Amino acid sequence: MVSDTWSRDLERLQVRARKARESMKKERLEQALPKTTFEEADKGIPYQDCVMIVNNLMKEDSSTNFLGQYKDASLYAWDKIKRDYEKSGLCIAQIARDLISLCKYEIPALRDELEEMQKREGHSKQNLTSLDRSLKIAANELSASCEDIGIETNDVAGLNSESQIESRILRSVHLDKLREELQTYRIAAREKSIQDACNLYRDFTKYLSSVSSDNEASTTTTLMNTLRKIQNEDEPTSLESCVQFQVEQDVVEEKEEEVDAVFDIDWGITLEDEEGDVEETSNGDEIDWGITMEDDDNETEDMEITVEDEGEEKKEEEITTSLVDPSIRETLWDDLEELICFLTQRTNELKESESGYAGKDVPQSVKTQTLHGIQNVLDDVKSLRDRLTSPDFRAKILIASSLSYRNRLAKQILSLRHRTVKLEGKKIQALDRRNAIRSSISDLEPRVLRTVTVAKKLRSELETLISSSLNDRKIKIMSTGLR
């Protein structure tokens, strides 16, 4: 049915088919063969396409000459190719070869590629889920850090340097409002209840010292020292002056360090400050530099006065904002805690004994205090302590007064922002990769379906050709790869 030289004969037939296709005009070829069996050009022109070309050309002109040959040269050439395909069973061999190639190689390869793409899509989804979770955590940390400072996340969205973020953090404090808060705290420290608590503690300490065998304790003069300093402190002229002073001080210290590092050079020259000494070179020759030094007492005095005035101004600026100093705030907190401990103990004593201390040497302030009055004073002192230790109040003061604290906050926010931006970039890249994978899958799925359809059609045609060559005997070709 099929000759032993079918492979060589089929190759020669393919050469003739390609020449016939090239001899036809493009428009006519498209009309004769609107759709090819295989999309790949390297597969040649199979038997099915030859049959379609012949059938479509016969619709245009199927006239023959007296020898029974078609008058149309293209139809004549393609009809001869078709008959040569059917001769010696070349059409069966060609269809069987194509069917084996599709079922054994192409369809499994396409399915494996599709399965790999689907796995990559699953990994891409997991990666996106992980990136979304990390991005959400980073965004929440950035939002929380900004919220603690009192700024919005959008406020630092376009800032890419620590100095810009520091400036934005400083503006968030609203120095005028903080100055009013500090003054309000000073006014609260001057309230009569706080003054009474300090006086009561002082008088009670003197009383206890007087009834004891020891002499009066010398520490009574230093009780509530910082608290009294805050009470007697004048209203500060400007909080910005303290901030500016500290910034200038840091800059001066940095410049001094740079100067020391640059000019710390041992030149090997010894200077002697003795009357009558003359500077000489190594060979003993005296050098006349041409410089005359004149003492001007008036100018010197003016310079000294100017320097002292500047120093006094800076000193006053530092003093007028004492609450900005962390050491002063710490000692003030110690004073308030000490006062609270005393008032709490005094309240417990009055609860146990309503008469209190009735001795003749007891100070009048101690005698007249009642349980209700002590409790009211204690509440006021606790309120003053709580305001001092509130996180918002402390954070504002630190931001306004500490350059290093602002640097640390700026570094933290900048690091969180860079991390957020980096994760956003990774998410965009992951989305692009996922979209590319989905695009590949959308291209592969139709290719697999189309290839399987072509293979099924080839199998059906092969079964028909074999059946017709065997006197219409029914033939069934089994193939597990076409499910």
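Small disclaimer: the values here were computed from a predicted structure and weren't measured. Residue numbers count from 1 along this sequence.
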Peer 1: Distance only, no hydrogens: is a donor on one side chain within 3.5 Å (strictly under) of an acceptor on the other, for N199 and Q195?
Peer 2: no
Peer 1: Would you please name every residue forming a side-chain contact (heavy atoms from CB on, under 4.5 Å) with Q31, sequence neighbours left out?
Peer 2: E60
Peer 1: Applying salt bridge (Lys or Arg N to Asp or Glu O under 4.0 Å), name anything that partners E113, two or more places apart in sequence or on another chain.
Peer 2: none
Peer 1: Check whether any side-chain N or O of T451 sits under 3.5 Å from a backbone N or O of R447 as a donor-acceptor pair, and report yes or no.
Peer 2: yes
Peer 1: Show which side-chain atoms of residues 425-435 pair as donor or acceptor with protein atoms under 3.5 Å away, not counting sequence neighbours.
Peer 2:
from, atom 1, to, atom 2, distance (Å)
K427, NZ, D132, OD1, 2.8
N435, ND2, L431, O, 3.1

Peer 1: Can you name the residues that form a side-chain hydrogen bond (donor to acceptor under 3.5 Å, both in side chains) with S161, not counting sequence neighbours?
Peer 2: S163, Q164
Peer 1: Could you state the interatomic distance from CG (L200) to CZ (R202), rounded to the nearest 0.5 Å?
Peer 2: 9.5 Å
Peer 1: If you measure only the distance, is there a donor-acceptor pair under 3.5 Å linking the side chains of H123 and N127?
Peer 2: no
Peer 1: Can you name the salt bridge (Lys or Arg N to Asp or Glu O under 4.0 Å) partners of D196, sequence neighbours left out?
Peer 2: K192
Peer 1: Looking only at heavy atoms, what is the nearest atom pair of I107 and A455, with distance?
Peer 2: CD1-CB, 4.0 Å
Peer 1: How would you list, by chain and number, every residue that makes a side-chain hydrogen bond (donor to acceptor under 3.5 Å, both in side chains) with S193, sequence neighbours excluded?
Peer 2: D380
Peer 1: Would T370 and Q375 satisfy side-chain contact (heavy atoms from CB on, under 4.5 Å), going step by step from the backbone distance to the final call?
Peer 2: CA-CA 9 Å; T370 62; Q375 287 177 338; over 6 Å; no
Peer 1: Would you indicate whether the side-chain heavy atoms of S130 and R133 approach each other to under 4.5 Å?
Peer 2: yes
Peer 1: If you round to the nearest 0.5 Å, how far is OG1 of T153 from CG of N140?
Peer 2: 9.5 Å
Peer 1: Please check: side-chain N/O of S101 versus main-chain N/O of R97, any donor-acceptor pairing under 3.5 Å?
Peer 2: no
Peer 1: Which heavy atom of L343 sits nearest to which heavy atom of A197, and what is that distance?
Peer 2: CD1-CB, 4.1 Å
Peer 1: Work out which heavy atom in D49 is nearest to a heavy atom in K35; give both atom names and the distance.
Peer 2: OD1-O, 4.5 Å
Peer 1: Not counting sequence neighbours, which residues clear side-chain contact (heavy atoms from CB on, under 4.5 Å) with L414? List them please.
Peer 2: E162, I165, H418
Peer 1: If the condition is salt bridge (Lys or Arg N to Asp or Glu O under 4.0 Å), which residues does R450 pass it with, not counting sequence neighbours?
Peer 2: E39
Peer 1: Enter the distance from L384:CG to T389:OG1 here, rounded to the nearest 0.5 Å.
Peer 2: 10.0 Å
Peer 1: For Y105 and I100, indicate whether the former's side chain and the latter's backbone hold a donor-acceptor pair under 3.5 Å.
Peer 2: no
Peer 1: Any idea which heavy atoms bring S145 and L416 closest together, and the distance?
Peer 2: OG-CD1, 3.4 Å
Peer 1: Quick one: pull up CG in L339 and CG in D334 and give me the separation to the nearest 0.5 Å.
Peer 2: 12.5 Å
Peer 1: Go through the structure and list residues passing salt bridge (Lys or Arg N to Asp or Glu O under 4.0 Å) with R387, not counting sequence neighbours.
Peer 2: none
Peer 1: Enter the distance from L444:CG to R111:CZ here, rounded to the nearest 0.5 Å.
Peer 2: 12.5 Å
Peer 1: side-chain hydrogen bond (donor to acceptor under 3.5 Å, both in side chains) with S167: which residues, sequence neighbours excluded?
Peer 2: R171
Peer 1: Would you mind telling me which of Q94, R459, K457 makes a side-chain contact (heavy atoms from CB on, under 4.5 Å) with L99?
Peer 2: R459
Peer 1: Answer yes or no: does atom CD of E424 have more than 12 heavy-atom neighbours from other residues, nucleotides or ligands under 6.0 Å?
Peer 2: yes
Peer 1: Using the test side-chain contact (heavy atoms from CB on, under 4.5 Å), find all partners of E121 that sit at least two apart in sequence or belong to another chain.
Peer 2: K125, I437, R438, I441
Peer 1: Compare all side-chain heavy atoms of L378 with those of F342 and state whether any distance is below 4.5 angstrom.
Peer 2: no
Peer 1: Just wondering, do E338 and Y201 contact through their side chains at under 4.5 Å, heavy atoms?
Peer 2: yes
Peer 1: Does the side-chain contact (heavy atoms from CB on, under 4.5 Å) test come out yes or no for I137 and E141, once each step is laid out?
Peer 2: CA-CA 6 Å; I137 293 173; E141 290 178 358; 3.7 Å; yes
Peer 1: Do L114 and Q118 make a side-chain contact, defined as non-hydrogen atoms from C-beta onward lying under 4.5 Å apart?
Peer 2: yes
Peer 1: Please report the interatomic distance SG(C103) to CG(L458), rounded to the nearest 0.5 Å.
Peer 2: 8.5 Å
Peer 1: State which residues pass side-chain hydrogen bond (donor to acceptor under 3.5 Å, both in side chains) with E337; sequence neighbours excluded, sorted by chain then number.
Peer 2: R385
